[in-house]
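See below for the structure under consideration.
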Amino acid sequence: DCWFYSPNTIALISGQTGKLMYVMHNSEYPLSCFALFENGPCLIADANFDILMVKLKGFFQNAKANKIESRGTRYQYCDFLVKVGTVTMGPSARGISVEVEYCPCVIANDCWNLLMEFMQSFMGNHTPGIPSVFGAKHDSIYSPADTMVQYMELFNKIRKQQQVPVAGIR
């Protein structure tokens, strides 16, 4: 899940930038909380970080109905971990997320072609291109923070897109 926090006017007056802060949780890491800024660092803290955000209400405000989450099923096929989820914002479904991990590899660029081939086997021409997070991490170890950055990018796209009403489906 992800909560969006925007800077209060007090924070903006004090010279802070007007970037959103994302506080995220991941069921794979239940004791951790991730705090990210757009194009900025990722802080990994314990699960009580949410309580700290209450104390920072003078600097960040959380609007009601600002939660977006991906909830679904986790599958394991040989060395691959596949998570398929429905992305919801408030009461409405806004999209589908597919997360694929090749468990034996910790350097993402080393196994990207294998991941692409595996995803094409069940996603066909809907297989995505290489994530932007890989551009900055050519040969470094992939971390949980990298996954959270990708979820932040996905949630941002979904949050910013207009919800198109579906009509004529029976």
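Residue numbers count from 1 along this sequence.
- Side-chain atoms of Arg159 never come within 3.5 Å of backbone atoms of Met89 as a donor-acceptor pair (strictly under, hydrogens ignored).
- Applying the side chain to side chain donor-acceptor pair (under 3.5 Å) test to Asn26 and every residue at least two apart in sequence or in another chain returns nothing.
- One hydrophobic cluster holds both Trp3 and Phe37 under the rule that ILVMFWY side chains link at heavy-atom gaps under 4.5 Å.
- Here salt bridge (charged side-chain N to carboxylate O under 4.0 Å, His left out) pairs that include residues 42-52, with residues two or more places apart or in two chains, number zero.
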Under the side-chain contact (heavy atoms from CB on, under 4.5 Å) rule, what do Thr88 and Arg71 come out as? Steps first, then yes or no, please. CA-CA 8 Å; Thr88 57; Arg71 192 175 290 269; over 6 Å; no

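- When the side chain to side chain donor-acceptor pair (under 3.5 Å) test is applied to Thr147, the partners found at least two apart in sequence or on another chain are Tyr142.
- The CH2 atom of Trp112 sits 11.0 Å away from atom CG of Leu114, with the distance rounded to the nearest 0.5 Å.
- Pairs engaging residues 76-87 under the salt bridge (charged side-chain N to carboxylate O under 4.0 Å, His left out) rule: Glu28-Lys83, Lys83-Glu99 [sequence neighbours left out].
- Between Ser32 and His25, the shortest heavy-atom distance links the atoms O-CD2, 4.1 Å.
- Side-chain heavy atoms closer than 4.5 Å link hydrophobic residues (I, L, V, M, F, W, Y) into clusters, and following such links, possibly through other members, connects Phe155 to Leu20.
- The aromatic rings of Phe122 and Phe118 sit perpendicular, their planes meeting at an angle over 60°, well past the 30° parallel limit.
- Rounded to the nearest 0.5 angstrom, Ile68 CD1 and Asp1 CG are separated by 10.5 Å.
- For the atom pair SG of Cys105 and CG of Leu115, the computed distance is 8.0 Å after rounding to the nearest 0.5 Å.
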Take Tyr77 and Val82 through the side-chain contact (heavy atoms from CB on, under 4.5 Å) test and state the conclusion after the steps. CA-CA 8 Å; Tyr77 178 74; Val82 180; 5.7 Å; no

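- Side-chain contact check for Val106 versus Ile141: some heavy-atom pair is nearer than 4.5 Å.
- Rounded to the nearest 0.5 angstrom, Leu56 CG and Phe49 CZ are separated by 7.0 Å.
- Contact record, Pro128 with Met116: O-SD, 3.4 Å, taken as the closest heavy-atom pair.
- Applying the side chain to side chain contact (heavy atoms under 4.5 Å, CB included) test to Ala47 and every residue at least two apart in sequence or in another chain returns nothing.
- Minimum interatomic distance between Ile96 and Val87 (heavy atoms only, all atoms of both residues): C-CG2, 4.2 Å.
- To the nearest 0.5 Å, atom OG of residue Ser70 and atom CZ of residue Arg94 are 14.0 Å apart.
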Please walk me through it: do Leu43 and Phe34 pass side-chain contact (heavy atoms from CB on, under 4.5 Å)? CA-CA 6 Å; Leu43 168 73; Phe34 301 85; over 6 Å; no

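- Both Val100 and Tyr102 belong to a single network of hydrophobic side chains, linked directly or stepwise wherever heavy atoms of I, L, V, M, F, W or Y lie under 4.5 Å apart.
- The CE atom of Met24 sits 11.5 Å away from atom CD of Glu69, with the distance rounded to the nearest 0.5 Å.
- Between Met53 and Asn62, every side-chain heavy-atom pair lies at or beyond the 4.5 Å cut-off.
- By the 4.5 Å heavy-atom criterion applied to side chains, Glu101 and Phe80 are not counted as neighbours.
- For residues 117-128, the set of pairs meeting the side chain to side chain donor-acceptor pair (under 3.5 Å) definition, not counting sequence neighbours, is empty.
- Residues Tyr151 and Leu36 fail the side-chain proximity criterion, which asks for heavy atoms closer than 4.5 Å.
- Residue Ile44 comes nearest to Ala145 through the heavy atom pair CD1-CB, 4.2 Å, listed as atom of the first residue, atom of the second, then distance.
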Evaluation steps, side-chain contact (heavy atoms from CB on, under 4.5 Å), between Tyr22 and Phe4: CA-CA 5 Å; Tyr22 306 84; Phe4 303 98; 3.0 Å; yes

